[in-house]
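Everything quoted here is computed from the prediction, not taken from an experiment. Sequence lines set the chain letters: A, B, ... in the order given, protein chains first and strands last, and positions in each chain run from 1.
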Amino acid sequence: DSGVTQTPKHLITATGQRVTLRCSPRSGDLSVYWYQQSLDQGLQFLIQYYNGEERAKGNILERFSAQQFPDLHSELNLSSLELGDSALYFCASSVAGADTQYFGPGTRLTVL
Amino acid sequence: DAKTTQPPSMDCAEGRAANLPCNHSTISGNEYVYWYRQIHSQGPQYIIHGLKNNETNEMASLIITEDRKSSTLILPHATLRDTAVYYCIVRSPYTGTASKLTFGTGTRLQVTL
């Protein structure tokens, strides 16, 4: 158990819908990262937050957004969902920006 | 980040040592070598990391060559539960975009009876 929690574990929705994925980092960690793992793209970095502020952006679509709240939990919002958004979404956390990242169990999103 | 090259798959008998190689010939002097593994579709699990000295923890040992162009992850006594995809990642010590982890395709380790 890494100490990083993600909810929900599974999410099934329809195209065009909007969903929110939630991540709680390990106690004491200030940085949160989001990664997407699809069958054809592998694990890809989406975005990083540090202590409430966006710190780095990767291959994140404009339809996706994230935020980190004062209690340090983070949410990833996915809107106008497409079939291709079906994937595993992982959250990771670290103490600061350059420290070891620990991953949560992931949310499996299925878009029908 | 420096690019890494790993064999796509390896087999290991249970109880034997599993030696997983990684080539990172373009690594910079301040970049670390990290190893993660992913069991089925679970979240990637941190194993170990190092800069230039060999490292050992309760899970594995990391051997980095003197020129730092390659490394080997050693699982001393592999069990069936070690069957997973193992990722070797070279990572900058700096923050921002540089702090992301860039996953390749990894090595699929199959531990057999």
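Inspection of non-hydrogen atoms places no residue of residues 66-74 of chain B under 4.5 Å from chain A. Contacts with chain B (heavy atom to heavy atom, under 4.5 Å) involve no residue of residues 20-28 of chain A. Contacts from residues 50-65 of chain B to chain A, taken as heavy-atom pairs separated by less than 4.5 Å, involve no residues at all.
In this structure, the portion of A:Q37 lying under 4.5 Å from any heavy atom of chain B is its side chain and not its backbone. For chain B, the nearby part of A:L88 is the side chain; its heavy atoms alone come within less than 4.5 Å. Contact of A:T100 with chain B is made through backbone and side chain together, with heavy-atom distances under 4.5 Å. Within the 4.5 angstrom heavy-atom criterion, only side-chain atoms of B:Q38, from C-beta onward, approach chain A. Using a 4.5 Å cut-off between heavy atoms, A:Y35 touches chain B through its side chain atoms alone. There is no contact between B:Y32 and chain A, counting heavy-atom distances below 4.5 Å.
In this structure, the side chains of A:Q44 and B:T102 stay at 4.5 Å or more apart for every pair of heavy atoms. The shortest side-chain heavy-atom distance between B:Q42 and A:P105 does not fall under the 4.5 Å cut-off. Counting only heavy atoms from C-beta outward, the side chains of B:R91 and A:Q101 approach each other to under 4.5 Å.
In the hydrophobic clustering of ILVMFWY residues, with side-chain heavy atoms under 4.5 Å counting as a link, A:Y50 and A:V32 come out apart. B:I47 and B:L80 end up in the same hydrophobic cluster when Ile, Leu, Val, Met, Phe, Trp and Tyr side chains are linked at under 4.5 Å. Side-chain heavy atoms closer than 4.5 Å link hydrophobic residues (I, L, V, M, F, W, Y) into clusters, and following such links, possibly through other members, connects A:Y33 to B:F103. The hydrophobic cluster containing A:L76 also contains A:L61, counting ILVMFWY residues as joined when their side-chain heavy atoms lie under 4.5 angstrom apart, directly or transitively. A:L46 and B:I89 fall into different hydrophobic clusters, defined by Ile, Leu, Val, Met, Phe, Trp and Tyr side-chain heavy atoms under 4.5 Å apart, directly or through other members.
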Handout entry: ring pair (Phe, Tyr, Trp, His ring centres under 6.0 Å) between B:Y36 and A:F103, worked out
Key = CA-CA 10 Å; B:Y36 283 79; A:F103 283 77; 5.7 Å; yes
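Atom CZ of B:R16 sits in a sparse spot, with 12 or fewer heavy atoms from other residues, nucleotides or ligands closer than 6.0 Å. A:L112 CG: more than 12 foreign heavy atoms inside a 6.0 Å radius.
Under 3.5 Å, the side chains of B:S99 and A:Q48 contain a donor-acceptor pair of N or O atoms.
For the ring-ring contact (aromatic ring centres under 6.0 Å, His included) condition, the pairs that include at least one residue of residues 60-92 of chain A, sequence neighbours left out, are A:F69-A:H73.
Taken to the nearest 0.5 Å, the CG atom of A:D1 stands 10.5 Å off from the CD atom of B:Q45.
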